[in-house]
Amino acid sequence: MKEIRKKNKWAKKSYKKRHNLSSLKANPFAGSSHAKGIVTERLGIEAKQPNSAIRKCVRVQLIKNGKKITAFVPSDGCLNFIDENDEVLVAGFGRSGHSKGDIPGVRFKVVKVAGVSLKALWLGKKEKPRT
């Protein structure tokens, strides 16, 4: 009975997705929740219909494996705190690898810039360190 159950678990899509190693290879973070990277360029991505806005994003090259990803910059005016060649900490959007809302193809968000929280910079509680 135990062997049959072990074999039949793999028929479930959710179990297969969780335990198959190919999902770790496809994920740019390779299983971790956050990753550091270097900003290569700043860009604006147009929102999907029916919204019309330019969502501020950055292209980031991850330090751990060299993969390039697009990350969303939250809050109004936070793109001003991010320059090219800055080191940023990137996290997922919390949707298990799916893009959020009306931003097509963007699955990650910026959390820290040069070791300082983006929210603390935005609120004016901290300043970005001089390099």
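Computation of the quantities below employed the complete heavy-atom set of this structure, encompassing side-chain atoms and omitting hydrogens, waters and symmetry-equivalent molecules.
Sparse packing is recorded around CD1 of Ile54, with 12 or fewer heavy atoms of other residues, nucleotides or ligands lying under 6.0 Å away. Counting non-hydrogen atoms of other residues, nucleotides and ligands closer than 6.0 Å to CG of Asn8 gives a total above 12. Heavy-atom contacts from other residues, nucleotides or ligands closer than 6.0 Å to NZ of Lys67 number more than 12. No more than 12 heavy atoms of other residues, nucleotides or ligands sit less than 6.0 Å from atom NZ of Lys119.
Here the closest heavy-atom approach between residue Ala114 and residue Pro129 is recorded as O-CG, 3.8 Å. The nearest pair of heavy atoms linking Gly92 to Lys109 is O-CE, 3.7 Å. Taking both residues in full, the closest heavy atoms of Cys57 and Leu79 are given as O-CD1, 4.2 Å, listed atom of the first, atom of the second, then distance. Summarising the geometry of Gly97 relative to Arg107, their closest heavy-atom pair is O-CD, 3.0 Å, with the distance given to 0.1 Å.
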Q: Decide yes or no on side chain to side chain contact (heavy atoms under 4.5 Å, CB included) for Asp102 and Arg55, but give the supporting numbers first.
A: CA-CA 9 Å; Asp102 61 3; Arg55 305 287 180 216; 2.7 Å; yes
Q: Please report the C-alpha distance between Phe72 and Phe93 in whole Å, then the side-chain angles of each, then the deciding distance to 0.1 Å, and finally whether the side chain to side chain contact (heavy atoms under 4.5 Å, CB included) criterion is met.
A: CA-CA 9 Å; Phe72 174 67; Phe93 251 139; 3.6 Å; yes
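Annotation: side-chain hydrogen bond (donor to acceptor under 3.5 Å, both in side chains) contacts of Ser99 (sequence neighbours excluded): none.
Between Ile45 and Thr70 the shortest side-chain heavy-atom distance falls below 4.5 Å. Here the side chains of Asp86 and Lys128 are in contact, with some heavy-atom distance below 4.5 Å. By the 4.5 Å heavy-atom criterion applied to side chains, Val116 and Phe81 are not counted as neighbours. In this structure, Pro74 and Trp122 have side chains that are not in contact, with every pair of non-hydrogen atoms separated by 4.5 Å or more. By the 4.5 Å heavy-atom criterion applied to side chains, Lys64 and Ser32 are counted as neighbours. Contact annotation: the side chain of Leu118 approaches that of Val73 to within less than 4.5 Å [non-hydrogen atoms, C-beta and beyond]. Contact check for Arg59 versus Val39: no side-chain heavy atoms found under the 4.5 Å cut-off. Using a 4.5 Å heavy-atom cutoff, the side chains of Ile38 and Glu87 are in contact.
When the options Met1, Lys6, Lys7 are evaluated for a side-chain contact (heavy atoms from CB on, under 4.5 Å) with Glu3, the one that passes is Lys6. Shown are Val88, Leu62, Leu89; of these, the side-chain contact (heavy atoms from CB on, under 4.5 Å) with Lys36 is made only by Leu89.
Under the 3.5 Å distance criterion, the side-chain polar atoms of Arg42 are left unmatched by any main-chain donor or acceptor of Glu84.
A distance of 9.5 Å separates NZ in Lys100 from CZ in Arg95, rounded to the nearest 0.5 Å. In this structure, CG in Asn27 is found 9.5 Å from CD1 in Ile69, a value given to the nearest 0.5 Å.
Checked against the 6.0 Å centroid threshold, Trp10 and Tyr15 count as a close aromatic pair.
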